[in-house]
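In the text below, chain A, chain B and the rest are named by the order of the sequence lines, each starting its count at 1.
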There are 2 protein chains.
Amino acid sequence: MNLKQFSQLLGLSPTTVSRALGGYPEVKEETRLRVREAAIRHGYRPNRRAASLATGRSMAIGHVIPTTLNHEMVNPIFADFIAGAGEIYARAGYDMLLSVVPDGDEERAYRQMADAGSVDGLIVHGPRDADPRIGLLQKTGLPFVVHGRARVDETDYSYVDIDNYRAFQRATDLLLDLGHRRIALLNGVDGMDFARRRRMGFEKALAGRGLTPLPDLMASAEMTEHMAHANAARMLDQSVKPTAFLVSSLIMAIGVRRALEDRGLRMGRDVSVVIHDDMLSYLMNGEEVPIFTATRSSVRAAGRRCAEVLLAQIRSKPDAPIQEVWECELVLGGSTGPVTT
Amino acid sequence: MNLKQFSQLLGLSPTTVSRALGGYPEVKEETRLRVREAAIRHGYRPNRRAASLATGRSMAIGHVIPTTLNHEMVNPIFADFIAGAGEIYARAGYDMLLSVVPDGDEERAYRQMADAGSVDGLIVHGPRDADPRIGLLQKTGLPFVVHGRARVDETDYSYVDIDNYRAFQRATDLLLDLGHRRIALLNGVDGMDFARRRRMGFEKALAGRGLTPLPDLMASAEMTEHMAHANAARMLDQSVKPTAFLVSSLIMAIGVRRALEDRGLRMGRDVSVVIHDDMLSYLMNGEEVPIFTATRSSVRAAGRRCAEVLLAQIRSKPDAPIQEVWECELVLGGSTGPVTT
DNA sequence: GGCATTTTCCAAACCGCTTTGACAAACCGA
DNA sequence: TCGGTTTGTCAAAGCGGTTTGGAAAATGCC
């Protein structure tokens, strides 16, 4: 059923029907109602592609989600982020176009989406330290919002990020206040912007007490349970064992806990653990009492906000980019305690 | 840059350029090369929407992923499934259209995608016991593949599923062979097809030894760490404690393990645990030696296969649906041992 | 009632591509 | 050299909507 057929059915012109459905004022309210009612009754829905072509807007937002080359791992936060963004898109009548590409191959995916005009805007995931994608997208002129940020000229693009630096500084301070001095940092891979900021916050807090970070107690790796376990195990078997861990995700913390248990150590008593908690729906950090002491920020809320910002930007190209940095909550759970020696 | 401009640039007609790029034989090889080279040099890429409209194919596949109403939870397996499917789509030049909708509201989403012609095919996620979506889609005539299956007339649609029944029967048998008699089942929510099959496999194995399942040792709930922890805790505090757990996912098993630790119980010695392992990239079940004894099947591979089957179906509407049921591996890990009393 | 407005609807152009059918050029054998 | 095939290219007609510029009908005003 296309517009022509449908309008003939109603004895109206395609123009009028299109306007009635589109909510334009040039059509009598009574006619509009008649058209609307008939549309749902006959199951008529304007063809998305044709409408896109005519209006020049594709009513879709592109997400390019990277998978790491070696392990083909896809960051589990995407599920929640996308759920959040999807809520907003659905409400605004936008579709979400997903492209899963191997790490490093993202540029091509972005360029393709831009050139082929299949989307009206883009969300950039997992920004690197100095991410080439941002410059690329600025050139295309396509609206985009970065989840996180990168070092490249921060004034020129929109982003929604959490204050990773402050979060890890505060978390480290908390551990220092508890008397911990040998604190291990299990971080995301080097090169990711968030990992760099977290490390800097960590080092800053240490420096505040006149401590220097120990290379043996710092690891940058993929944020899997397995890698975290391996790294924690290695550190716990060193001569200079850590008394506390600062861990970049809840998934990783599970690996850390496993390493502790393997050695008969009890979390929160023998060894303290602080994590960053993305508040994933299927992996909540306890209920009232958090399992892990954590810096906390909902990645789903970030997804929602990124989508909102992007849509606002598409609707009315604002001259100033929208840049938000969210403060994390710091919640106390059962995984931390005073140092014991 | 559109086709008209681009072809003028080359001194050719739009037709020829389109054909050259499309790989049609009616154009001289030399011309084709010239066109191809110019296309990449000038960054010309046919507009996706216009091409779609002209061909009638939208070159996109729709995924409708449900989030549970109450907890807005999105199943973490989607990330991996989608990564798998995305690989295949990318290779075949298809886009992936994602729609995240609250549980139960999926029908509308499907109908919309179908009516508006925004996709050439659909993947159905998380089929219920007797899922209305399947009948709906059959009526629309849009090709679709179900990840999993439902009870409704299994002969009429394509699916890729694992043998949940056999998997859980075998897992239960394994525990029974180890001497366990009080085996708890922590399953997905009632109403999901896979949960029903798993329960039936479990009950069948018990029946094989003349045992009847104890209602107190069976739970159906959302597959979160938290729910699993709560249910395991409740069971462990009963007078008739389970000596073993059969658990529907690795995430849930983490909750179970936490419940065990809370009580000073050691997994694999005091209490045995068998899980179903979807082989998620960020949550591997150990390396050489699995942490958990498990029935195992890669959900990423399932994503790949679903995509392949769907694309095959789109290319050449076959008269017979493609239906695959994969056997799970049964791997032995450190989480099981003979019953101790 | 007659004219100016406003309201309601329509015909036709256009969005950017694919594809059919036609045509010119090159090639072939006789 | 000439008719008959290929081969390489093109003009034009869709695909299914939206939107501009009018025309017809309805309304308002004096």
Worksheet entry | Between CG on residue B/Leu142 and CG on residue B/Asp115, distance to nearest 0.5 Å | 10.0 Å

Fill in: Check: A/Phe144 and A/Ile134 side chains under 4.5 Å, non-hydrogen atoms
yes

Practice prompt. Mind checking the NE2-CD1 spacing from B/His147 to B/Ile77? Nearest 0.5 Å is all I need.
Written response: 5.5 Å

Worksheet item: Among D/dG17, C/dC17, D/dC10, which nucleotide sits nearest the side chain of A/Asn2?
Response: D/dG17

Discussion item. If we check side-chain contact (heavy atoms from CB on, under 4.5 Å) with B/Val145, which of these qualifies: B/Leu311, B/Ile61, B/Leu310?
Written reply: B/Leu310

Fill in: B/Gln5 CD to C/dC17 C1', straight-line distance once rounded to whole Å
13 Å

Response to the item:
Result for side-chain contact (heavy atoms from CB on, under 4.5 Å) between B/Glu107 and one of B/Val101, B/Asp131, B/Leu136 points to B/Leu136

Discussion item. Using whole Å, what does the distance between atom P of nucleotide C/dC14 and atom CG of B/Leu53 come to?
Written reply: 17 Å

Fill in: Short N-O contact, B/Asp129 and B/Arg151, less than 4.0 angstrom
yes

Worksheet entry | Overall bend - the helix from C/dG1-D/dC30 to C/dA30-D/dT1, comparing terminal axes fitted on five pairs, nearest 10 degrees | 40°

Worksheet item: Could you go step by step and tell me if B/Val100 and B/Val74 meet the side-chain contact (heavy atoms from CB on, under 4.5 Å) rule?
Response: CA-CA 9 Å; B/Val100 185; B/Val74 37; 5.7 Å; no

Worksheet item: Rounding to a whole Å, what distance do you find between B/Gln8:CD and D/dT9:P?
Response: 17 Å

Item to complete: Check side-chain contact (heavy atoms from CB on, under 4.5 Å) between B/Lys4 and all other residues, then give those that pass, not counting sequence neighbours.
Response: B/Asn2

Worksheet item: Where along residues 111-119 of chain A does a heavy atom fall under 4.0 Å from DNA chain C?
Response: none

Item to complete: Pull out every residue in residues 32-51 of chain A that has a heavy atom closer than 4.0 Å to any atom of DNA chain C, ordered by number, or say none.
Response: none

Worksheet item: Applying salt bridge (charged side-chain N to carboxylate O under 4.0 Å, His left out), which residue pairs with at least one partner in residues 48-68 of chain A are found, sequence neighbours left out?
Response: A/Arg48-A/Asp95

Worksheet item: Using a cut-off of 4.0 Å between protein heavy atoms and nucleotide atoms, how would you tag nucleotides 19-28 of chain C 5' to 3' with B, S and -?
Response: BBB-------

Response to the item:
Smallest heavy-atom separation, A/Tyr89 atom then A/Ile123 atom, equals OH-CG1, 3.5 Å

Item to complete: Dump the intermediate steps for side-chain contact (heavy atoms from CB on, under 4.5 Å) on B/Ser118 and B/Ser58, then the final yes or no.
Response: CA-CA 6 Å; B/Ser118 32; B/Ser58 65; 5.8 Å; no

Practice prompt. Scan A/Thr31 against the nucleic acid and name what it touches under 4.0 Å (heavy atoms): base, sugar-phosphate only, or nothing.
Written response: sugar-phosphate

Worksheet item: Between B/Phe81 and B/His125, does the ring centroid distance fall short of 6.0 Å?
Response: yes

Practice prompt. Take atom NZ of A/Lys28 and atom C1' of C/dC10, then tell me their distance rounded to the nearest Å.
Written response: 15 Å

Worksheet, complete the sentence: OG (A/Ser7) and OH (A/Tyr44) are apart, to the nearest 0.5 Å, by 8.0 Å

Worksheet entry | Length of the line joining A/Leu3:CG and D/dG16:P, which is rounded to integer Å | 11 Å

Worksheet item: What integer distance in Å separates B/Met59:CE from C/dG16:P?
Response: 21 Å

